[in-house]
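Inspection log for the structure reproduced underneath, given as structure tokens.
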Amino acid sequence: MNFYERLMQLDRRWIYLGVAIAVTIPVLAPFKVPVYITPEAKAVYEFVENTKPGEIIFLAIDYDPNAMAELHPMARTIMRQSFSRGIRLIISALSQNGPGMAEQLISQISKEYNKKNGMDYVYLGYKPYPGITILAMGQNFRIPFPTDYYGTPLDSLPMMDGVRNYDDVKGIISIVAGNIAEYWINYANGRYKAKVFFGVTGVMTADYYPFLQSGQLLGLLGGLKGASEYERLAKQEGVATEGMSIQTVAHLVVIAFIVVGNIGFFMSKKKKR
Amino acid sequence: MVTDLNTAIWNTLAAFLTFCIFSFLYKDNPFYKIAEHIVVGVSAGYFAVILYWNGLVPKLWNPVVKQGKWYYLIPGLLGLIMWTRFSKKYAWISRFSISFYMGIATGVAVPLYMQNFVIRQLSSTMLPVHFKNSVGFFNLLIIVGVLCALIYFFFSKEHKGAMGSAARVGIWTLMVGFGAGFGLTVMGRVSLLIDRVIFLKNYFTSIFGHIL
């Protein structure tokens with residue numbers, strides 16, 4: 001067995017070890033990498049930035065803890081930016097394992113900015129069947145959510161006075177993992193013409209660019225890179241920015257493995273001939 | 001201090017479970033199995049409780065028992081007969097619920113899906129082509145790419161000659177799309193690893209930081 005054949009039969013655990021080392025080194029010896037700001041990320045930032053104090057944004061935290069790594073930095077930064085500018089938020093969590101996680105984030109950030117539930121934000125929580133919930137909210141938030149997450153009737157919350165449906169919010173930002181994204185496009189934008197912005201996982205990003213081009217989406221944050229762009233725009237550098245240097249090294253290692261694997265493949269094929 | 005101790009205990013458990021999951025990369029083992037079963041069990045249990053308090057109680061129990069809206073029992077009954085799926089003899093009864101659900105879902109979704117996922121996407125492909133700047137050129141690229149990708153999926157004529165060339169361009173277009181998807185998937189997966197590595201770094205710093 002020659003060198004190239006041995007390369008082709010390399011135990012995949014060496015690759016895991018290589019990636020693990022590559023990821024660990026920048027964690028122990030951090031460095032910064034430049035982050036290019038894409039127009040679609042800037043569109044989300046500018047939408048929040050151009051919203052006046054007192055106006056309402058609907059923030060949908062539509063992911064489970066398994067997507068926290070990529071999406072939590074986005075939700076955290078958007079929430080901080082909104083609260084720091086005096087923007088009020090209506091927040092929902094339409095992914096089944098997400099409401100507790102979302103509540104934890106809301107209470108942490110609302111405390112940082114001394115924001116009051118019912119006055120500065122309303123947390124609606126979770127209802128099953130996201131498609132039907134999104135459709136019903138287009139008529140009235142009170143149809144799927146007669147009460148908020150804590151059991152208080154929406155009509156008794158001062159912030160909800162005169163707030164009926166998507167017409168009364170400036171726009172919707174959904175930080176989303178999975179097919180709930182389709183419901184926002186189809187129902188909130190398609191049926192009720194609401195302005196929709198997305199923060200999605202890396203895996204989903206490519207699928208949603210066509211909607212950006214068609215104008216059904218007005219802004220898009222893609223994966224940890226999108227989160228790092230947003231952190232940089234909002235001048236709140238955090239986990240996503242820290243992760244970019246690690247991501248760069250990990251990607252270089254993955255590219256190196258792909259190149260080496262291809263060399264091994266073509267050279268062993270040549271030898272056989 | 002109590003909160004700190006609590007946090008330390010929970011973080012230790014989280015770090016242990018992280019290592020249990022990573023141990024699968026070496027080979028399957030009982031630690032991985034334990035962690036895997038905990039994830040599945042906790043997710044299922046959490047979802048069941050959430051569904052009970054956010055679905056069954058406010059949408060069925062409260063309207064019927066507290067507000068006397070007896071007609072809510074009709075959808076309740078439709079939901080209940082879904083369970084007959086588990087009986088070979090009575091499984092046919094569940095078709096009433098399924099047909100009701102399918103009827104509503106189809107009526108609501110089909111026109112909107114056609115409008116938003118087909119017609120809007122088609123109209124956004126009809127772009128002005130010009131060579132005044134790069135936008136016009138990229139518009140041409142989009143139009144050619146979409147048409148050739150559609151030709152690749154046209155199987156009623158053999159992919160030979162002009163048809164074959166267009167199909168070849170189509171498959172290259174698809175490959176570019178798959179490549180972008182793959183690259184972003186790698187980014188997503190690496191992000192999950194980064195999150196865990198940063199968590200472990202913070203955990204070890206909080207536990208051993210004062211010693212190091």
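This is a predicted model, so every value here is computed, not measured. All values below were derived from every heavy atom in this structure, side-chain atoms included, with hydrogens, water molecules and symmetry-related copies excluded. Chain identifiers are assigned alphabetically (A, B, ...) following the order of the sequence lines, protein sequences preceding nucleic acid strands; residue numbering begins at 1 within each chain.
- With a threshold of 4.5 angstrom between heavy atoms, Asn189(A) approaches chain B through side-chain atoms but not through N, CA, C or O.
- At most 12 heavy atoms of other shown residues, nucleotides or ligands fall within 6.0 angstrom of atom CD in Gln104(A).
- Looking at Asn54(B), its side chain does come within 3.5 Å of a backbone N or O of Ile50(B) through a donor-acceptor pair.
- Only the side chain of Tyr129(A) comes within contact range of chain B, with at least one heavy atom under 4.5 Å from a heavy atom of that chain.
- Neither the backbone nor the side chain of Pro30(A) comes within less than 4.5 Å of any heavy atom of chain B.
- Rounded to the nearest 0.5 Å, atoms CE (Met68(A)) and CG (Leu192(B)) are 11.5 Å apart.
- With respect to chain A, the highest number of heavy-atom pairs below 4.5 Å among Leu184(B), Asp195(B), Val108(B) belongs to Leu184(B).
- For Tyr126(A), the parts sitting under 4.5 Å from any heavy atom of chain B are the backbone and the side chain alike.
- For chain B, the nearby parts of Gln96(A) are the backbone and the side chain; heavy atoms of each come within less than 4.5 Å.
- For the options Pro65(A), Ala67(A), Gly223(A), Pro128(A), heavy-atom pairs under 4.5 Å to chain B are most numerous at Pro128(A).
- Within 6.0 Å of CZ in Phe31(B) there are 12 or fewer heavy atoms belonging to other residues, nucleotides or ligands.
- For Asn62(B) (side chain) and Lys66(B) (main-chain N/O), no donor-acceptor pair under 3.5 Å exists by modelled atom type.
- In this structure, Arg196(B) is positioned above the aromatic face of Phe199(B), its NZ or CZ under 6.0 Å from the six-membered ring centre and within 45° of the axis.
- Between chain B and the residues Val254(A), Ile246(A), Leu28(A), Thr201(A), the largest count of heavy-atom pairs under 4.5 Å involves Ile246(A).
- Using bins of under 30°, 30° to 60° and over 60° for the plane-to-plane angle, the ring pair Trp92(B)/Phe96(B) lands in the perpendicular bin.
- For the options Asp64(A), Asn186(A), Asn97(A), heavy-atom pairs under 4.5 Å to chain B are most numerous at Asn186(A).
- Side-chain contact check for Leu56(B) versus Trp61(B): every heavy-atom pair is 4.5 Å or farther apart.
- Residue contact with chain A, scored on non-hydrogen atoms closer than 4.5 Å, involves the side chain of Leu127(B) exclusively.
- Heavy atoms closer than 4.5 Å to chain B are found in the side chain of Leu135(A), but not in its backbone.
- Within residues 111-122 of chain B, the residues having any heavy atom closer than 4.5 Å to a heavy atom of chain A are Leu112(B), Tyr113(B), Asn116(B), Phe117(B), Arg120(B), Gln121(B), listed by residue number.
- Proximity to chain A (any heavy atom under 4.5 Å) is shown, for Ile104(B), by neither the backbone nor the side chain.
- Between Tyr166(A) and Phe141(A), the ring planes are perpendicular. Angles over 60° get that label, and only those under 30° would be called parallel.
- Within the 3.5 Å criterion, the main-chain N or O of Pro128(B) finds a donor-acceptor partner in the side chain of Asn139(B).
- Between chain B and the options Tyr183(A), Tyr209(A), Phe211(A), the largest number of non-hydrogen pairs under 4.5 Å is found for Phe211(A).
- Each of Ile90(A), Ile132(A), Leu124(A) was evaluated against Met137(A); a single residue qualifies, Leu124(A), per the side chain to side chain contact (heavy atoms under 4.5 Å, CB included) test.
- For OH of Tyr26(B), the number of neighbouring non-hydrogen atoms (other residues, nucleotides, ligands) closer than 6.0 Å is 12 at most.
- Inter-residue side-chain proximity for Val196(A) and Gln216(A) is flagged as unmet; no heavy-atom pair is nearer than 4.5 Å.
- Looking at Ala105(B), there are no atoms closer than 4.5 Å to chain A (heavy atoms on both sides), in backbone or side chain.
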